[in-house]
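Remarks on the structure that follows.
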Amino acid sequence: MSTPRIRIRTGNQMVAEGALHAGCLFFAGYPITPASGIYKSMIEELPKRNGVAISSPDEISALAYCVGASARGAKAMTATSGPGWSLMVETVQYALMTELPVVIAVVQRLGPSTGGATQGAQGDVLLTEYCTSGAYTIPVFAPSTAAECFEVTTLATYWAEELRTPVVVLSDKEIGMMSEDVNIDALHAWPVHQRKSVPAGENGAYKTYDFASPADVPLFAPVGGEHKTTITGSAHDKRGALQKNSPETIAVLRHLQEKVTARAEEMAYVKTDDDPGADTLVVSFGITARTAKEAAAQARAKGRRVRLVNVISLFPVPETLLTAAAEGCSRVLVAEENMTGQYRSVIRHLFPGKSVEGINGFGAMITPDAILERIMA
Amino acid sequence: MSTVQQTTFLRESVAFPFCKGCGHHHYVHNLDRAFAALQLDPQKACIVSDIGCIGILDALFATPHTFHTTHGRSTAFATGVELADGILHDSKLKSVVVIGDGGATIGLLHVVNAALMNVDVTVLVANNMLYGMTGGQNSGFSPLEFVTPTTPEGNIVPPMDICAMVKSCGAEYVTRVSATDKNLAGVIADAIAHPGFALVEIVELCTEFAIGRNKIDGKVIQSMSSGYEPALLPTTFARKEFCEEYKEKVLGRPAKTKDDTITQKYISSLRGAKRWVIAGTAGEKVQLSSYLLMRAGILCGLHATQKNDNPVTQGSGFSLSEVVMSSGDIHYTGITVPDAVIIASAEGLKEVTVNGTFARCAPSTVIVMEDSLPELQSPARVYRVPMRSLCTPLRATTSAAAALLARENLLPREAMAESIRLHVGEKAALYEQDIEKLLPLLA
């Protein structure tokens with residue numbers, strides 16, 4: 001076996017490298033700690049590949065530029081943190097409604113408001129997921145290492161293109177700004193994927209939002225291409241004509257959700273560190289999943305049977321995988337760096353009859369001892 | 001490509017959804033005439049519409065692409081379309097933003113920024129001086145004394161002059177005309193044809209909310225006070241369109257040839273993890289020290305992480321860096337009990353005290369600190385060395401870290417030397433001398 005090739009990279013750099021690998025050719029950015037490293041990397045790298053990396057005057061413009069570019073057919077991405085995400089929410093909804101793929105990396109910091117720019121947190125789990133009127137499912141993927149930042153960004157791009165919907169990479173300050181050794185020979189990438197396009201020569205017959213079954217994803221045609229496109233963020237029929245509440249319009253609005261939920265099982269992605277005889281399941285994600293790993297190793301050394309799940313696909317909630325992971329366990333501990341147990345509130349119903357407990361931190365990383373203590377209790 | 005030249009881009013016998021007498025009728029017809037006059041291929045035309053009465057005109061058009069967006073943001077979406085079209089494609093698509101004075105008020109930044117960039121977007125502002133769709137509220141374009149449902153005593157805030165505004169941003173094609181102007185189609189066509197940002201402010205009257213409340217009519221619109229004088233058409237154009245500029249100046253930047261791949265060259269005796277904190281003054285290479293340490297560890301096949309901290313302003317106050325090196329995967333990336341702490345200055349000392357590192361030192365911790373700093377009470381083993389004077393402030397933390405590394409025998413000394421050499425070249429010899437001076441003091 002040859003010696004592994006190692007590079008020192010931050011999580012932010014690896015998000016950028018993942019996006020480039022996935023074929024992202026358009027990035028619009030507005031600086032914000034702790035996400036700026038992604039912006040910087042894309043500004044450095046994209047022009048070398050004849051791509052567009054551009055500074056925008058604010059986060060609203062950044063995402064609108066991306067969605068405009070996506071309408072022209074480009075794989076597009078931006079990156080921000082909680083305060084910038086707040087400004088982008090209008091356009092996230094627009095991208096969802098207009099079925100224009102875009103990837104948004106949200107590198108969490110301590111909130112609320114401008115909060116603590118250089119303090120880590122996992123407090124934007126619900127903010128990113130539940131940002132739409134109608135509470136549509138936005139796929140949210142969370143990396144826990146620099147290498148996973150690469151992988152998860154290729155995965156997010158895959159699903160954004162496949163489903164034609166906005167997808168979030170939910171990182172945090174610790175993962176984003178910390179440097180670590182990355183074995184570039186061991187990186188995992190998801191297939192490079194392009195939204196399915198309408199074939200040439202169907203001019204006149206093309207409907208921008210056409211589908212046969214509600215879970216189908218409409219075939220894409222770019223603005224500026226041979227098929228006349230009719231894009232709108234208002235309630236519309238399959239042609240893209242503004243409608244109040246015709247049955248077809250309501251079907252289109254339902255389809256926006258159904259195309260995502262129909263693929264939920266496929267999107268489900270967790271990393272399980274199993275012990276078949278475990279009585280305790282620890283569920284975590286992002287930076288805290290690393291800490292949970294350390295705590296579990298210590299618990300096992302003390303003879304405790306514990307199973308770990310690192311949830312990569314936070315949303316759609318990987319219900320089947322989580323339910324299966326809890327099999328045989330009487331307790332489910334959900335470790336996350338926010339005050340109220342945001343992800344726990346979403347998954348607790350999956351574990352009837354089991355004790356579901358939160359391990360929460362705020363203002364600092366959760367320590368291995370804090371998790372160990374609860375495993376051993 | 002269409003083979004038959006279209007005389008209209010509008011849908012056949014479509015009923016306009018506007019009130020009788022509304023200037024939007026003129027707007028739509030003249031936009032359509034402009035498209036026809038330009039003989040645009042409809043596949044290469046995109047109407048990017050905003051919210052409001054004028055924003056629903058997209059449904060009237062049959063053949064160009066239509067992109068109905070959110071309130072005020074239309075210019076930003078159009079900018080994105082044109083950036084992708086102009087840089088990633090053949091730059092043939094013409095995007096026309098259809099926006100009212102309300103949308104222009106909300107999205108002023110997007111209009112201003114498109115003008116600054118000189119991106120190939122044409123913004124046609126339908127200025128009827130109020131928000132028509134939502135009940136006639138005054139907008140940022142309402143003239144002084146203008147009576148609306150929300151300014152019943154007359155508007156007391158002067159209107160913005162969007163033409164002057166975008167001109168000040170370098171926009172070259174800017175003009176203001178009345179919706180009833182006989183040459184409106186020609187003006188719009190010129191604006192669309194202009195290879196860069198163009199803005200036409202089309203002044204209209206809202207029959208529903210303006211007429212009746214105000215003593216104005218179409219005849220006096222052009223001579224209204226408060227900045228509604230007709231603007232002159234431009235005669236010269238000097239700026240290059242943004243995408244052209246970008247392709248010329250930014251694209252094709254040579255790829256960096258520097259390969260920063262590291263492969264293991266040395267063997268470390270370390271089993272388990274070591275967690276180090278290095279603290280000093282911002283600008284004195286604290287974070288570089290940690291990077292070199294981390295790199296040395298990786299040269300020995302170890303895993304390593306590095307985290308940096310500094311105040312909000314980057315060049316003053318403290319600088320603090322944490323490095324974890326481990327023979328196994330590093331899961332928890334924080335430092336509870338540090339194995340080593342290097343403190344090079346008063347700022348660094350203050351920071352390790354404030355952030356709790358100092359309080360978490362244990363008998364197993366080694367502290368190497370600048371000897372001019374105050375005495376400390378700590379269970380740790382403390383070495384006080386004149387690192388600033390022996391090594392200079394800029395080399396102090398790196399040399400102290402390298403000396404401690406050698407003293408603890410965690411890595412082969414050559415690994416750190418190589419790491420330093422790679423970064424500073426020939427000056428590495430100075431660090432070697434520093435280490436020799438420091439080593440006896442760490443005995």
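Letters go in sequence order (proteins before strands), and every chain restarts at 1.
- A/Tyr65 contributes no side-chain N or O that, together with a main-chain N or O of A/Ser56, makes up a donor-acceptor pair within less than 3.5 Å.
- By number of non-hydrogen pairs under 4.5 angstrom with chain A, the leading residue of B/Ile87, B/Thr70, B/Thr263, B/Ile56 is B/Thr70.
- For chain B, the option among A/Thr10, A/Leu46, A/Asp58 with the highest count of heavy-atom pairs below 4.5 Å is A/Asp58.
- No donor-acceptor pair under 3.5 Å is formed between the side chain of A/Glu45 and the backbone N or O of A/Met42.
- Contact tally against chain B (heavy-atom pairs below 4.5 Å) for A/Thr291, A/Ile184, A/Thr229, A/Thr232: the top residue is A/Thr229.
- Heavy-atom pairs under 4.5 Å with chain B peak, among A/Val182, A/Val52, A/Leu242, at A/Val52.
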Should B/Ser321 and B/Lys307 be marked as a side chain to side chain donor-acceptor pair (under 3.5 Å) after you check the CA-CA gap, both sets of side-chain angles, and the distance that decides it?
CA-CA 6 Å; B/Ser321 194; B/Lys307 288 191 214 190; over 6 Å; no

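- Proximity to chain B is absent for every atom of A/Leu63, based on heavy atoms less than 4.5 angstrom apart.
- For A/Arg9, the salt bridge (charged side-chain N to carboxylate O under 4.0 Å, His left out) partners are A/Glu17, B/Asp260, not counting sequence neighbours.
- Counting heavy atoms from C-beta outward, B/Leu40 and B/Lys44 have side chains that stay 4.5 Å or more apart.
- A/Ala53 touches chain B through backbone and side chain together, each having a heavy atom under 4.5 Å away.
- Highest contact tally toward chain B, considering only A/Ser144, A/Pro57, A/Gly233, A/Ala28, is held by A/Pro57 [criterion: heavy-atom pairs under 4.5 Å].
- A/Ile287 has its side chain within reach of A/Met365: a pair of non-hydrogen atoms, C-beta onward, lies under 4.5 Å apart.
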Checking salt bridge (Lys or Arg N to Asp or Glu O under 4.0 Å) for the pair A/Glu174/A/Arg290: CA distance, chi angles, key distance, verdict?
CA-CA 11 Å; A/Glu174 299 293 346; A/Arg290 298 173 69 133; over 6 Å; no

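- B/Glu351 places no side-chain N or O within 3.5 Å of a backbone atom of B/Gly317 that could act as its donor or acceptor partner.
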Go through the steps to decide whether B/Tyr291 and B/Asn308 satisfy the test side chain to side chain contact (heavy atoms under 4.5 Å, CB included), and finish with yes or no.
CA-CA 10 Å; B/Tyr291 171 78; B/Asn308 299 326; over 6 Å; no

In sequence, state the C-alpha distance, the side-chain angles, and the governing distance for A/Thr367 and A/Asp369, and then conclude on side chain to side chain donor-acceptor pair (under 3.5 Å).
CA-CA 5 Å; A/Thr367 61; A/Asp369 282 353; 5.4 Å; no

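- Using a distance-only test at 3.5 Å, with no hydrogens or angles considered, no donor-acceptor pair links the side chain of B/His65 to the main chain of B/Ile47.
- Looking only at side-chain heavy atoms (C-beta outward), A/Leu20 and A/Arg49 come within less than 4.5 Å of each other.
- Interface residue B/His110: only side-chain heavy atoms are found under 4.5 Å from chain A.
- Applying a 4.5 Å heavy-atom cutoff, the residues of residues 72-83 of chain B that approach chain A are B/Arg73, B/Ala76, B/Phe77, B/Thr79, B/Gly80, B/Val81, B/Leu83.
- Between the A/Thr208 side chain and the A/Thr230 main chain, a donor and an acceptor come within less than 3.5 Å of each other.
- Comparing B/Leu93, B/Ile330, B/Leu251 by heavy-atom pairs within less than 4.5 Å of chain A, the highest count is held by B/Leu251.
- Interface with chain B: from residues 68-78 of chain A, residues A/Gly68, A/Ala69, A/Ala71, A/Arg72, A/Ala74 qualify, criterion being any non-hydrogen pair under 4.5 Å.
- Side-chain atoms of B/Asp50 never come within 3.5 Å of backbone atoms of B/Val98 as a donor-acceptor pair (strictly under, hydrogens ignored).
- B/Ser49 and B/His68 form a side-chain donor-acceptor contact under 3.5 Å, judged by distance and modelled atom types alone.
- Looking at A/Thr249, its side chain never comes within 3.5 Å of a backbone N or O of A/Ala235 through a donor-acceptor pair.
- Residue with the most contacts toward chain A among B/Val250, B/Thr333, B/Val324: B/Thr333 (heavy-atom pairs, distance under 4.5 Å).
- Contact of the A/Ile8 side chain with the B/Ile298 side chain is registered, since non-hydrogen atoms from C-beta on lie closer than 4.5 Å.
- Using a 4.5 Å cut-off between non-hydrogen atoms, the part of residues 111-120 of chain B that approaches chain A consists of B/Asn113, B/Met117.
- Looking only at distances, a side-chain donor or acceptor of A/Asp237 sits under 3.5 Å from a matching main-chain atom of A/Ala241.
- Only the backbone of B/Thr63 comes within contact range of chain A, with heavy atoms under 4.5 Å apart.
- Ranked by heavy-atom pairs under 4.5 Å with chain A, the first of B/Pro64, B/Cys46, B/Gly107 is B/Pro64.
- Looking at A/Ile175, there are no atoms closer than 4.5 Å to chain B (heavy atoms on both sides), in backbone or side chain.
- Under the 4.5 Å side-chain criterion, counting only non-hydrogen atoms from C-beta, A/Ile231 is in contact with A/Tyr94.
- Not less than 6.0 angstrom separates the ring centroid of B/Phe61 from the ring centroid of B/Phe9.
- Among A/Ile54, A/Thr98, A/Val67, A/Thr118, the residue making the largest number of heavy-atom pairs under 4.5 Å with chain B is A/Ile54.
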